[in-house]
Amino acid sequence: MLPIARDMDAAAQRDLVVQAIETIIVDVPTLRQHKLSQTSVTAQNYVLVRLRLAGGAEGIGEAATLGGPRWSEESVEAIKANIDAYLGPAIQGMRADLFEEAGRRMDLAAKRNNAAKGAVETALFDAVGKALGVPASTLLGGAVRDRIPVLWTLASGDVGQEIEEAREKLHRRLHRTFKVKIGAAAPEVDLDRMRRLVDALAGRAEFIVDANQAWDEAASARCLPVLRELGVRLVEQPVPAWNVPAMARLRQRPDVPPLLADESVFDAHDMLRVASAGAADAVSLKIVKHAGLLGTRKVAAVAEAAGIGLYGGCLLESSVGAAAHLQVFSTFRDLAWGCEHFGPQILREDLVREPLHFADFHVHIPSGPGLGVLLDEGQIDKFARR
(Lines give C-alpha, C1' and ligand atoms only; values in the text may rest on other atoms or scores of the structure.)
Protein backbone atom coordinates (compact mmCIF):
# COMPACT_ATOMS: atom_id res chain seq x y z
CA MET A 1 0.00 0.00 0.00
CA LEU A 2 1.31 3.46 -0.88
CA PRO A 3 2.33 5.20 2.36
CA ILE A 4 0.82 8.59 3.11
CA ALA A 5 3.53 11.15 3.76
CA ARG A 6 4.51 11.23 7.45
CA ASP A 7 5.42 14.90 7.26
CA MET A 8 1.93 15.89 6.10
CA ASP A 9 1.20 19.29 7.62
CA ALA A 10 -1.32 19.67 10.40
CA ALA A 11 -3.97 21.25 8.16
CA ALA A 12 -3.78 18.40 5.65
CA GLN A 13 -4.06 15.86 8.45
CA ARG A 14 -7.15 17.59 9.80
CA ASP A 15 -8.72 17.52 6.34
CA LEU A 16 -8.52 13.71 6.37
CA VAL A 17 -10.37 13.29 9.68
CA VAL A 18 -13.62 11.32 9.44
CA GLN A 19 -16.36 13.80 10.24
CA ALA A 20 -19.63 11.99 9.47
CA ILE A 21 -20.90 8.58 8.34
CA GLU A 22 -24.38 7.91 6.96
CA THR A 23 -26.03 4.75 5.65
CA ILE A 24 -28.91 4.21 3.21
CA ILE A 25 -30.67 1.01 2.17
CA VAL A 26 -31.57 0.87 -1.52
CA ASP A 27 -33.60 -1.79 -3.36
CA VAL A 28 -33.04 -2.02 -7.13
CA PRO A 29 -35.11 -4.32 -9.38
CA THR A 30 -33.22 -6.78 -11.61
CA LEU A 31 -33.94 -7.43 -15.28
CA ARG A 32 -34.76 -11.07 -14.59
CA GLN A 33 -34.90 -13.61 -11.81
CA HIS A 34 -31.50 -14.58 -10.39
CA LYS A 35 -31.84 -18.08 -8.97
CA LEU A 36 -29.32 -19.73 -6.65
CA SER A 37 -29.51 -23.08 -4.89
CA GLN A 38 -30.77 -21.49 -1.65
CA THR A 39 -32.67 -18.38 -2.80
CA SER A 40 -34.01 -16.40 -5.73
CA VAL A 41 -34.00 -12.62 -6.17
CA THR A 42 -35.80 -10.17 -8.46
CA ALA A 43 -34.36 -7.08 -6.73
CA GLN A 44 -30.95 -6.35 -5.29
CA ASN A 45 -30.60 -4.91 -1.79
CA TYR A 46 -27.64 -2.69 -0.91
CA VAL A 47 -26.43 -0.60 1.99
CA LEU A 48 -24.69 2.54 0.74
CA VAL A 49 -22.21 4.23 3.06
CA ARG A 50 -21.49 7.95 2.69
CA LEU A 51 -18.45 9.09 4.62
CA ARG A 52 -17.44 12.76 4.81
CA LEU A 53 -14.02 14.09 5.73
CA ALA A 54 -13.35 17.36 7.51
CA GLY A 55 -11.80 18.76 4.32
CA GLY A 56 -15.01 18.15 2.36
CA ALA A 57 -14.19 14.98 0.44
CA GLU A 58 -16.95 12.36 0.47
CA GLY A 59 -16.36 8.66 0.06
CA ILE A 60 -18.93 6.01 -0.82
CA GLY A 61 -19.04 2.29 -0.14
CA GLU A 62 -21.51 -0.49 -0.74
CA ALA A 63 -22.50 -3.76 0.91
CA ALA A 64 -24.55 -6.17 -1.19
CA THR A 65 -26.70 -9.08 -0.06
CA LEU A 66 -28.76 -11.72 -1.89
CA GLY A 67 -32.33 -11.81 -0.65
CA GLY A 68 -31.51 -11.30 3.02
CA PRO A 69 -29.23 -13.34 5.30
CA ARG A 70 -29.29 -16.46 3.10
CA TRP A 71 -25.92 -16.36 1.38
CA SER A 72 -24.18 -15.22 4.57
CA GLU A 73 -25.49 -14.16 7.96
CA GLU A 74 -25.73 -10.46 7.09
CA SER A 75 -28.87 -8.67 5.85
CA VAL A 76 -29.08 -5.05 4.74
CA GLU A 77 -31.07 -4.26 7.88
CA ALA A 78 -28.34 -5.72 10.11
CA ILE A 79 -25.54 -4.12 8.09
CA LYS A 80 -27.08 -0.67 8.42
CA ALA A 81 -27.78 -1.11 12.14
CA ASN A 82 -24.26 -2.29 12.91
CA ILE A 83 -22.58 0.49 10.93
CA ASP A 84 -24.79 3.12 12.55
CA ALA A 85 -24.39 1.82 16.12
CA TYR A 86 -20.91 0.30 16.22
CA LEU A 87 -18.63 0.53 13.18
CA GLY A 88 -19.23 4.18 12.32
CA PRO A 89 -18.64 5.44 15.87
CA ALA A 90 -15.49 3.27 16.07
CA ILE A 91 -13.75 5.31 13.35
CA GLN A 92 -15.41 8.68 13.88
CA GLY A 93 -12.79 11.40 14.42
CA MET A 94 -9.79 9.38 13.19
CA ARG A 95 -7.71 10.02 10.07
CA ALA A 96 -9.24 8.21 7.13
CA ASP A 97 -5.88 7.25 5.61
CA LEU A 98 -5.01 5.02 8.58
CA PHE A 99 -6.70 2.04 6.96
CA GLU A 100 -5.21 -0.72 9.12
CA GLU A 101 -6.04 1.18 12.29
CA ALA A 102 -9.60 1.63 11.06
CA GLY A 103 -9.82 -2.13 10.51
CA ARG A 104 -8.45 -2.80 13.99
CA ARG A 105 -11.01 -0.49 15.57
CA MET A 106 -13.88 -2.05 13.64
CA ASP A 107 -12.75 -5.55 14.63
CA LEU A 108 -12.83 -4.48 18.26
CA ALA A 109 -16.29 -2.99 17.82
CA ALA A 110 -17.92 -6.03 16.14
CA LYS A 111 -17.13 -9.64 15.32
CA ARG A 112 -17.37 -10.71 11.67
CA ASN A 113 -19.91 -8.39 9.99
CA ASN A 114 -17.55 -8.55 7.03
CA ALA A 115 -19.87 -6.95 4.48
CA ALA A 116 -20.55 -4.01 6.80
CA LYS A 117 -16.83 -3.53 7.48
CA GLY A 118 -16.06 -3.82 3.78
CA ALA A 119 -18.53 -1.07 2.91
CA VAL A 120 -17.03 1.28 5.50
CA GLU A 121 -13.45 0.55 4.45
CA THR A 122 -14.42 1.07 0.80
CA ALA A 123 -15.78 4.51 1.70
CA LEU A 124 -12.49 5.32 3.46
CA PHE A 125 -10.44 4.42 0.36
CA ASP A 126 -12.81 6.38 -1.86
CA ALA A 127 -12.68 9.46 0.36
CA VAL A 128 -8.88 9.42 0.68
CA GLY A 129 -8.44 8.80 -3.03
CA LYS A 130 -10.65 11.79 -3.82
CA ALA A 131 -8.89 13.97 -1.25
CA LEU A 132 -5.49 13.12 -2.76
CA GLY A 133 -6.65 12.99 -6.37
CA VAL A 134 -5.59 9.37 -6.98
CA PRO A 135 -7.45 6.11 -7.73
CA ALA A 136 -7.97 3.72 -4.83
CA SER A 137 -5.69 1.27 -6.65
CA THR A 138 -2.78 3.69 -6.11
CA LEU A 139 -3.31 3.42 -2.36
CA LEU A 140 -3.07 -0.38 -2.72
CA GLY A 141 0.22 -0.44 -4.63
CA GLY A 142 -0.86 0.62 -8.10
CA ALA A 143 -2.80 -0.95 -10.98
CA VAL A 144 -1.15 -3.39 -13.37
CA ARG A 145 -4.11 -3.54 -15.81
CA ASP A 146 -6.86 -1.21 -17.02
CA ARG A 147 -9.44 -3.89 -17.92
CA ILE A 148 -10.37 -7.40 -16.82
CA PRO A 149 -12.04 -10.29 -18.70
CA VAL A 150 -15.60 -10.51 -17.39
CA LEU A 151 -18.12 -13.35 -17.46
CA TRP A 152 -21.93 -13.37 -17.30
CA THR A 153 -24.03 -15.54 -15.00
CA LEU A 154 -26.95 -17.57 -16.33
CA ALA A 155 -29.30 -18.05 -13.41
CA SER A 156 -32.94 -17.91 -14.47
CA GLY A 157 -33.33 -21.70 -14.50
CA ASP A 158 -35.11 -21.48 -17.88
CA VAL A 159 -32.67 -23.04 -20.32
CA GLY A 160 -34.38 -21.62 -23.41
CA GLN A 161 -34.21 -18.10 -21.99
CA GLU A 162 -30.59 -18.68 -20.93
CA ILE A 163 -29.54 -19.76 -24.42
CA GLU A 164 -31.04 -16.60 -25.93
CA GLU A 165 -29.49 -14.47 -23.19
CA ALA A 166 -26.04 -15.95 -23.85
CA ARG A 167 -26.38 -15.51 -27.62
CA GLU A 168 -27.25 -11.86 -27.14
CA LYS A 169 -24.18 -11.32 -24.92
CA LEU A 170 -21.95 -13.02 -27.48
CA HIS A 171 -23.42 -10.99 -30.34
CA ARG A 172 -22.76 -7.73 -28.49
CA ARG A 173 -19.21 -8.88 -27.56
CA LEU A 174 -19.95 -8.36 -23.87
CA HIS A 175 -19.32 -11.88 -22.50
CA ARG A 176 -18.07 -15.19 -23.86
CA THR A 177 -17.64 -17.08 -20.58
CA PHE A 178 -20.82 -17.98 -18.72
CA LYS A 179 -21.24 -19.11 -15.14
CA VAL A 180 -24.29 -21.31 -14.70
CA LYS A 181 -26.02 -21.37 -11.32
CA ILE A 182 -27.18 -24.88 -10.45
CA GLY A 183 -28.31 -26.70 -7.32
CA ALA A 184 -31.92 -25.53 -7.03
CA ALA A 185 -33.09 -28.54 -9.07
CA ALA A 186 -32.18 -32.23 -8.89
CA PRO A 187 -28.65 -32.97 -10.15
CA GLU A 188 -29.98 -34.87 -13.18
CA VAL A 189 -32.11 -31.88 -14.18
CA ASP A 190 -29.13 -29.55 -13.85
CA LEU A 191 -26.90 -31.85 -15.90
CA ASP A 192 -29.49 -31.99 -18.68
CA ARG A 193 -29.69 -28.19 -18.61
CA MET A 194 -25.90 -27.98 -18.93
CA ARG A 195 -25.91 -30.38 -21.90
CA ARG A 196 -28.45 -28.20 -23.69
CA LEU A 197 -26.47 -25.02 -22.99
CA VAL A 198 -23.19 -26.55 -24.16
CA ASP A 199 -24.77 -27.98 -27.31
CA ALA A 200 -26.46 -24.68 -28.18
CA LEU A 201 -23.31 -22.58 -27.71
CA ALA A 202 -20.68 -25.10 -28.81
CA GLY A 203 -17.47 -23.49 -30.02
CA ARG A 204 -18.63 -19.99 -29.10
CA ALA A 205 -18.59 -19.96 -25.30
CA GLU A 206 -16.89 -21.37 -22.23
CA PHE A 207 -18.62 -22.42 -19.02
CA ILE A 208 -18.14 -22.27 -15.27
CA VAL A 209 -20.64 -23.93 -12.92
CA ASP A 210 -21.62 -22.78 -9.42
CA ALA A 211 -23.49 -25.25 -7.20
CA ASN A 212 -23.59 -22.89 -4.19
CA GLN A 213 -22.93 -25.77 -1.74
CA ALA A 214 -25.97 -27.74 -2.98
CA TRP A 215 -24.37 -31.20 -3.34
CA ASP A 216 -22.87 -33.64 -0.87
CA GLU A 217 -19.65 -35.50 -1.64
CA ALA A 218 -21.42 -38.48 -3.22
CA ALA A 219 -23.49 -36.35 -5.58
CA SER A 220 -20.39 -34.33 -6.47
CA ALA A 221 -18.41 -37.49 -7.24
CA ARG A 222 -21.22 -38.57 -9.56
CA CYS A 223 -21.82 -35.23 -11.30
CA LEU A 224 -18.41 -33.58 -11.56
CA PRO A 225 -17.04 -36.09 -14.12
CA VAL A 226 -20.06 -35.37 -16.33
CA LEU A 227 -19.33 -31.64 -16.12
CA ARG A 228 -15.73 -32.30 -17.08
CA GLU A 229 -16.86 -34.31 -20.12
CA LEU A 230 -19.01 -31.33 -21.11
CA GLY A 231 -15.90 -29.12 -21.05
CA VAL A 232 -16.78 -27.08 -17.96
CA ARG A 233 -13.65 -25.10 -17.02
CA LEU A 234 -14.28 -24.60 -13.31
CA VAL A 235 -16.80 -25.73 -10.66
CA GLU A 236 -17.53 -23.44 -7.74
CA GLN A 237 -18.22 -24.72 -4.21
CA PRO A 238 -20.03 -27.99 -5.00
CA VAL A 239 -20.17 -29.06 -1.33
CA PRO A 240 -21.00 -27.19 1.90
CA ALA A 241 -18.44 -24.61 3.00
CA TRP A 242 -17.50 -26.55 6.14
CA ASN A 243 -16.58 -29.68 4.19
CA VAL A 244 -13.08 -28.72 3.13
CA PRO A 245 -11.90 -32.37 3.41
CA ALA A 246 -14.51 -33.37 0.80
CA MET A 247 -13.26 -30.63 -1.55
CA ALA A 248 -9.74 -31.99 -1.11
CA ARG A 249 -10.81 -35.58 -1.82
CA LEU A 250 -12.80 -34.56 -4.87
CA ARG A 251 -9.92 -32.49 -6.20
CA GLN A 252 -7.64 -35.57 -6.09
CA ARG A 253 -9.87 -37.43 -8.53
CA PRO A 254 -8.53 -37.42 -12.12
CA ASP A 255 -12.01 -37.03 -13.62
CA VAL A 256 -12.98 -33.79 -11.82
CA PRO A 257 -12.69 -30.25 -13.29
CA PRO A 258 -10.74 -27.57 -11.37
CA LEU A 259 -12.53 -26.53 -8.17
CA LEU A 260 -13.22 -22.96 -7.03
CA ALA A 261 -13.58 -22.19 -3.31
CA ASP A 262 -16.07 -19.48 -2.39
CA GLU A 263 -18.14 -19.73 0.80
CA SER A 264 -15.38 -21.77 2.45
CA VAL A 265 -13.01 -18.76 2.38
CA PHE A 266 -13.99 -15.62 4.28
CA ASP A 267 -10.60 -14.58 5.65
CA ALA A 268 -6.89 -15.32 5.36
CA HIS A 269 -7.13 -18.05 8.03
CA ASP A 270 -9.79 -19.84 5.95
CA MET A 271 -7.60 -19.48 2.88
CA LEU A 272 -4.67 -21.04 4.71
CA ARG A 273 -6.85 -23.99 5.80
CA VAL A 274 -8.11 -24.58 2.25
CA ALA A 275 -4.61 -24.25 0.82
CA SER A 276 -3.11 -26.59 3.42
CA ALA A 277 -5.75 -29.21 2.62
CA GLY A 278 -5.15 -28.91 -1.13
CA ALA A 279 -8.88 -28.28 -1.49
CA ALA A 280 -9.07 -25.74 -4.33
CA ASP A 281 -7.53 -24.73 -7.64
CA ALA A 282 -8.84 -21.16 -7.39
CA VAL A 283 -10.51 -18.86 -4.87
CA SER A 284 -13.37 -16.41 -5.39
CA LEU A 285 -12.47 -13.01 -3.93
CA LYS A 286 -15.23 -10.74 -2.60
CA ILE A 287 -15.07 -7.61 -0.47
CA VAL A 288 -18.26 -8.69 1.33
CA LYS A 289 -16.45 -11.84 2.50
CA HIS A 290 -13.05 -10.39 3.24
CA ALA A 291 -14.15 -7.26 5.15
CA GLY A 292 -12.67 -4.81 2.69
CA LEU A 293 -10.02 -4.14 0.09
CA LEU A 294 -7.14 -4.87 2.46
CA GLY A 295 -8.69 -8.16 3.56
CA THR A 296 -9.17 -9.11 -0.09
CA ARG A 297 -5.48 -8.54 -0.73
CA LYS A 298 -4.54 -10.60 2.34
CA VAL A 299 -6.62 -13.57 1.18
CA ALA A 300 -5.15 -13.23 -2.29
CA ALA A 301 -1.62 -13.21 -0.90
CA VAL A 302 -2.15 -16.53 0.89
CA ALA A 303 -3.68 -18.03 -2.26
CA GLU A 304 -0.81 -16.80 -4.43
CA ALA A 305 1.75 -18.24 -2.00
CA ALA A 306 0.02 -21.62 -2.28
CA GLY A 307 -0.21 -21.53 -6.06
CA ILE A 308 -4.00 -21.14 -6.02
CA GLY A 309 -5.52 -19.05 -8.82
CA LEU A 310 -7.41 -15.79 -8.25
CA TYR A 311 -10.99 -15.31 -9.44
CA GLY A 312 -12.83 -12.01 -9.07
CA GLY A 313 -16.16 -12.92 -7.50
CA CYS A 314 -19.24 -10.75 -7.05
CA LEU A 315 -22.55 -10.57 -5.20
CA LEU A 316 -24.44 -8.62 -7.90
CA GLU A 317 -23.00 -5.29 -6.83
CA SER A 318 -24.03 -2.06 -8.50
CA SER A 319 -21.35 0.05 -10.20
CA VAL A 320 -20.36 1.29 -6.73
CA GLY A 321 -19.46 -2.09 -5.28
CA ALA A 322 -18.18 -3.37 -8.61
CA ALA A 323 -15.83 -0.39 -8.94
CA ALA A 324 -14.40 -1.10 -5.48
CA HIS A 325 -13.67 -4.70 -6.49
CA LEU A 326 -12.12 -3.64 -9.78
CA GLN A 327 -9.81 -1.21 -7.99
CA VAL A 328 -8.32 -3.99 -5.87
CA PHE A 329 -8.43 -6.62 -8.64
CA SER A 330 -6.46 -4.25 -10.88
CA THR A 331 -3.51 -4.48 -8.48
CA PHE A 332 -3.05 -8.28 -8.70
CA ARG A 333 -0.15 -9.34 -10.88
CA ASP A 334 -2.04 -12.44 -11.98
CA LEU A 335 -5.82 -12.72 -12.20
CA ALA A 336 -5.91 -15.92 -14.20
CA TRP A 337 -9.66 -16.49 -14.03
CA GLY A 338 -10.83 -12.93 -14.70
CA CYS A 339 -13.87 -11.62 -12.87
CA GLU A 340 -17.67 -11.76 -12.84
CA HIS A 341 -18.59 -8.14 -12.13
CA PHE A 342 -21.54 -8.03 -14.46
CA GLY A 343 -23.82 -6.86 -11.62
CA PRO A 344 -24.53 -3.36 -12.98
CA GLN A 345 -25.84 -4.92 -16.20
CA ILE A 346 -28.46 -7.06 -14.46
CA LEU A 347 -30.00 -4.06 -12.69
CA ARG A 348 -32.92 -2.26 -14.32
CA GLU A 349 -31.16 1.00 -13.42
CA ASP A 350 -27.77 1.77 -11.89
CA LEU A 351 -26.90 4.09 -9.00
CA VAL A 352 -24.06 6.14 -10.54
CA ARG A 353 -23.78 8.94 -13.06
CA GLU A 354 -21.59 6.95 -15.45
CA PRO A 355 -21.95 3.15 -15.19
CA LEU A 356 -18.99 0.87 -15.75
CA HIS A 357 -17.84 0.32 -19.33
CA PHE A 358 -18.14 -3.19 -20.81
CA ALA A 359 -16.66 -3.92 -24.24
CA ASP A 360 -14.85 -6.72 -26.11
CA PHE A 361 -15.54 -9.22 -23.30
CA HIS A 362 -13.85 -7.01 -20.69
CA VAL A 363 -14.91 -4.60 -17.97
CA HIS A 364 -12.79 -1.45 -17.80
CA ILE A 365 -11.32 -0.12 -14.54
CA PRO A 366 -12.69 3.35 -13.66
CA SER A 367 -9.83 5.84 -13.90
CA GLY A 368 -11.02 8.72 -11.73
CA PRO A 369 -9.98 9.41 -8.10
CA GLY A 370 -11.09 7.02 -5.39
CA LEU A 371 -13.39 4.35 -6.81
CA GLY A 372 -13.79 6.36 -10.01
CA VAL A 373 -17.60 6.55 -9.83
CA LEU A 374 -20.03 9.18 -8.51
CA LEU A 375 -23.52 8.60 -7.12
CA ASP A 376 -26.54 9.74 -9.10
CA GLU A 377 -28.56 11.48 -6.39
CA GLY A 378 -31.80 11.11 -8.31
CA GLN A 379 -31.35 7.35 -8.50
CA ILE A 380 -30.52 7.12 -4.81
CA ASP A 381 -33.68 9.03 -3.95
CA LYS A 382 -35.70 6.83 -6.31
CA PHE A 383 -34.57 3.50 -4.86
CA ALA A 384 -33.95 4.43 -1.20
CA ARG A 385 -36.01 2.32 1.17
CA ARG A 386 -38.55 4.50 2.97
Side-chain angles (χ1 to χ4, degrees), residues 1-23 48-63 83 87-88 90-106 117-148 287 290-298 300-301 317-333 351-354 356-357 364-377:
M1 185 175 69
L2 181 73
I4 306 301
R6 293 185 179 181
D7 60 350
M8 183 185 297
D9 63 44
Q13 292 186 38
R14 286 195 298 271
D15 283 347
L16 291 177
V17 169
V18 177
Q19 189 174 70
I21 302 171
E22 299 175 357
T23 57
L48 293 178
V49 176
R50 307 182 74 152
L51 183 148
R52 287 192 298 279
L53 304 185
E58 179 180 279
I60 55 175
E62 176 185 282
I83 293 174
L87 301 179
I91 65 167
Q92 188 93 18
M94 69 170 288
R95 269 176 48 186
D97 60 319
L98 303 178
F99 304 115
E100 286 286 1
E101 173 62 15
R104 186 189 72 83
R105 292 188 185 191
M106 287 194 287
K117 292 173 182 175
V120 174
E121 189 191 85
T122 296
L124 288 171
F125 270 93
D126 188 40
V128 174
K130 288 173 178 172
L132 300 180
V134 298
S137 60
T138 299
L139 304 173
L140 294 164
V144 296
R145 59 180 62 82
D146 64 2
R147 68 199 68 187
I148 298 173
I287 289 174
H290 311 319
L293 290 80
L294 293 181
T296 300
R297 284 192 59 84
K298 290 172 184 176
E317 286 85 357
S318 77
S319 284
V320 177
H325 283 83
L326 297 179
Q327 290 293 331
V328 66
F329 294 164
S330 73
T331 68
F332 297 140
R333 294 187 185 183
L351 302 175
V352 299
R353 298 180 194 173
E354 294 186 19
L356 300 182
H357 179 56
H364 291 242
I365 316 295
S367 59
L371 302 184
V373 294
L374 297 172
L375 290 178
D376 183 322
E377 300 297 342

**Report entry** Criterion side chain to side chain contact (heavy atoms under 4.5 Å, CB included) against Ser319, the qualifying member of Val352, Leu371, Leu351
**Finding:** Val352
Report task. To the nearest 0.5 angstrom, please state how far the CG atom of Leu140 sits from the CZ atom of Phe99. Result -> 7.5 Å
Report task. Output the distance between atom CG (Leu326) and atom OG1 (Thr331), rounded to the nearest 0.5 Å. Result -> 11.0 Å
Report summary line: Contacts of Arg52 meeting salt bridge (charged side-chain N to carboxylate O under 4.0 Å, His left out) (sequence neighbours excluded), chain-then-number -> Glu22
Requested in this report: Could you tell me the separation between the CD1 atom of Ile91 and the NZ atom of Lys117, rounded to the nearest 0.5 Å?
Outcome: 12.0 Å
Query raised in the report: Do you know which two heavy atoms are closest between Leu124 and Ala102, and how far apart they sit?
Result: CD1-CB, 3.6 Å
Requested in this report: Just grab all the salt bridge (Lys or Arg N to Asp or Glu O under 4.0 Å) pairs involving residues 126-146, residues at least two apart or on different chains.
Outcome: Asp126-Lys130
Report summary line: Rounded to the nearest 0.5 angstrom, the CD-OG distance for Gln327 and Ser367 is 9.0 Å
Report summary line: The salt bridge (charged side-chain N to carboxylate O under 4.0 Å, His left out) partners of Arg105 (sequence neighbours excluded) come to Glu101
Query - Salt bridge flag under 4.0 Å for residues Glu100 and Arg297 - result: no
Report task. Decide, yes or no, whether a salt bridge links Glu377 with Arg50 under the criterion of side-chain N to carboxylate O below 4.0 Å. Result -> yes
**Report entry** Closest non-hydrogen atom pair between Val373 and Pro366, with its separation
**Finding:** CG1-CG, 4.4 Å
Query raised in the report: Can you tell me if Glu62 and Thr122 form a side-chain donor-acceptor pair at under 3.5 Å?
Result: no
Query raised in the report: Any idea which heavy atoms bring Leu16 and Ala131 closest together, and the distance?
Result: CD2-CB, 3.8 Å
Query raised in the report: Are the side chain of His364 and the backbone of Leu356 linked by a donor-acceptor contact shorter than 3.5 Å?
Result: no
Query raised in the report: Where the side chain of Glu121 meets the backbone of Leu293, is there a donor-acceptor pair that is under 3.5 Å apart?
Result: yes
